[in-house]
Amino acid sequence: MPRRAELAAERLLAQHGVTGPPVDAEKLATAEGVLVVHHRFDDAEVSGILFRDANHHVIGVNSAHPAVRRRFTIAHELGHRSLHPGRELILDVPVRVNLRDKTSSMATDLEEIEANAFAAALLMPTRMIRDQINQLPAAKLREPDETAAALARIFKVSASALNFRLINLGLTS
């Protein structure tokens with residue numbers, strides 16, 4: 001299943017001609033016709049939400065969260081948009097919603113695992129990670145923490161997200 005997410009992220013990057021880091025998830029969302037709204041949510045644990053109906057796609061992002069988390073949240077919600085139909089809610093019209101909260105981050109739900117894999121592949125594409133590792137000075141490569149910190153700055157992601165990506169790509173243990 002994560003391979004499906006990886007391929008979908010690669011397709012989106014190729015469609016929009018993104019070739020180097022950092023990947024601007026919000027710009028990609030806008031190019032895809034998705035409105036991104038930054039708003040402080042009442043529930044601080046909620047990172048983001050994807051709302052879609054027949055005519056509108058909106059990603060809501062918790063503006064109280066750090067920039068690296070907001071970027072990952074936008075990418076995560078784009079993953080849901082690309083890969084999952086969402087859960088229908090009945091208001092006065094039917095809509096579909098995906099919500100990202102602390103449970104989503106734990107990745108116990110298959111759709112959440114896939115959306116996280118999509119977000120990681122979108123923000124830290126394999127080819128770009130390998131290219132950047134090849135450009136780092138040898139001294140940084142001897143220290144895994146320094147390598148991860150340097151790459152996290154380049155890709156504008158958290159060090160923990162970058163470390164998970166390196167582990168999942170088999171580039172570190």
Side-chain angles (χ1 to χ4, degrees), residues 1-129 155-158 160-162 164-165 168-169:
M1 178 172 36
R3 184 70 188 139
R4 181 173 94 113
E6 187 97 19
L7 291 172
E10 288 171 6
R11 267 192 312 274
L12 185 62
L13 292 168
Q15 264 181 297
H16 294 282
V18 179
T19 59
V23 173
D24 189 335
E26 187 164 348
K27 185 176 176 182
L28 282 174
T30 301
E32 286 287 300
V34 178
L35 175 64
V36 178
V37 177
H38 295 262
H39 180 76
R40 181 181 285 273
F41 295 162
D42 290 338
D43 185 344
E45 291 181 359
V46 175
S47 300
I49 187 168
L50 171 61
F51 164 88
R52 53 196 154 168
D53 65 13
N55 302 310
H56 306 91
H57 291 200
V58 179
I59 293 175
V61 185
N62 194 336
S63 62
H65 290 176
V68 293
R69 183 159 180 179
R70 291 192 313 265
R71 286 171 40 76
F72 196 89
T73 296
I74 293 167
H76 176 97
E77 298 304 344
L78 280 173
H80 279 305
R81 180 180 181 266
S82 296
L83 302 167
H84 310 126
R87 295 163 191 88
E88 191 169 300
L89 299 176
I90 305 299
L91 302 172
D92 55 347
V93 295
V95 297
R96 295 192 176 277
V97 175
N98 295 91
L99 183 69
R100 183 165 192 264
D101 57 17
K102 73 176 185 174
T103 305
S104 309
S105 300
M106 294 167 52
T108 53
D109 174 276
L110 293 179
E111 285 189 1
E112 294 305 321
I113 291 168
E114 201 169 39
N116 284 340
F118 178 95
L122 189 74
L123 296 176
M124 301 167 278
T126 304
R127 183 189 47 76
M128 289 184 206
I129 289 277
F155 286 88
K156 293 188 178 179
V157 296
S158 69
S160 62
L162 197 287
F164 278 121
R165 184 68 171 150
N168 289 332
L169 292 175

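- Atom-to-atom distance recorded for Ile74:CD1 and Leu50:CG is 12.0 Å, nearest 0.5 angstrom.
- Of all heavy-atom pairs spanning Ala64 and Arg40, the tightest one is CB-NH1, 3.3 Å.
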Residues Leu122, Phe118; criterion side chain to side chain contact (heavy atoms under 4.5 Å, CB included); working and verdict: CA-CA 6 Å; Leu122 189 74; Phe118 178 95; 4.0 Å; yes

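- Partners of Arg71 under the salt bridge (charged side-chain N to carboxylate O under 4.0 Å, His left out) rule, at least two apart in sequence or in another chain, do not exist in this structure.
- Expressed to the nearest 0.5 Å, how far CG of Asn62 lies from CG of Asp42 amounts to 9.5 Å.
- Between Leu110 atom CG and His84 atom NE2 the span is 8.5 Å, to the nearest 0.5 Å.
- When every heavy atom of Gly48 is checked against every heavy atom of Thr73, the shortest pair comes out as CA-CG2, 3.5 Å.
- Across Phe155 and Leu162, no two heavy atoms sit closer than the pair CD1-CD2, 4.5 Å.
- Of all the heavy atoms in Val68 and Ser158, the pair that sits closest is CB-N, 3.8 Å.
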Listing, residues 23-32 side-chain donor-acceptor contacts under 3.5 Å, not counting sequence neighbours, or none:
unit_1: Asp24; atom_1: OD1; unit_2: Glu26; atom_2: N; d: 3.2
unit_1: Asp24; atom_1: OD1; unit_2: Lys27; atom_2: N; d: 2.9
unit_1: Glu26; atom_1: OE1; unit_2: His38; atom_2: NE2; d: 2.9
unit_1: Glu26; atom_1: OE2; unit_2: His38; atom_2: NE2; d: 3.4
unit_1: Thr30; atom_1: OG1; unit_2: Glu26; atom_2: O; d: 3.0
unit_1: Glu32; atom_1: OE1; unit_2: Arg81; atom_2: NH1; d: 3.3
unit_1: Glu32; atom_1: OE2; unit_2: His16; atom_2: NE2; d: 2.6

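- Between the side chains of Ser47 and Arg69, at least one donor N or O sits under 3.5 Å from an acceptor N or O.
- Between Arg165 and Ala121, the closest heavy-atom pair is NH2-CA, 3.6 Å.
- Distance alone, capped at 3.5 Å, places no donor-acceptor pair between the Arg52 side chain and the Val58 backbone.
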Check against side chain to side chain contact (heavy atoms under 4.5 Å, CB included), His56 and Val34: CA-CA 7 Å; His56 306 91; Val34 178; over 6 Å; no

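- Closest of all the heavy-atom pairs between His65 and Val46 is CE1-O, 3.4 Å.
- The local environment of CZ in Phe164 is sparse, with at most 12 non-hydrogen atoms from other residues, nucleotides or ligands closer than 6.0 Å.
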Intermediate values then yes/no, side chain to side chain contact (heavy atoms under 4.5 Å, CB included), Arg4 and Leu83: CA-CA 9 Å; Arg4 181 173 94 113; Leu83 302 167; 3.6 Å; yes

Pair Ile59-Ile49, side chain to side chain contact (heavy atoms under 4.5 Å, CB included): steps then yes or no: CA-CA 6 Å; Ile59 293 175; Ile49 187 168; over 6 Å; no

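- Among residues two or more places apart in sequence or in another chain, the salt bridge (charged side-chain N to carboxylate O under 4.0 Å, His left out) test is passed with Arg11 by none.
- Taking the six-membered ring where the residue is Trp, His76 and His80 present perpendicular rings, their angle passing 60° and hence far from 30°.
- Between Leu13 and Pro125, some side-chain heavy-atom pair lies under the 4.5 Å cut-off.
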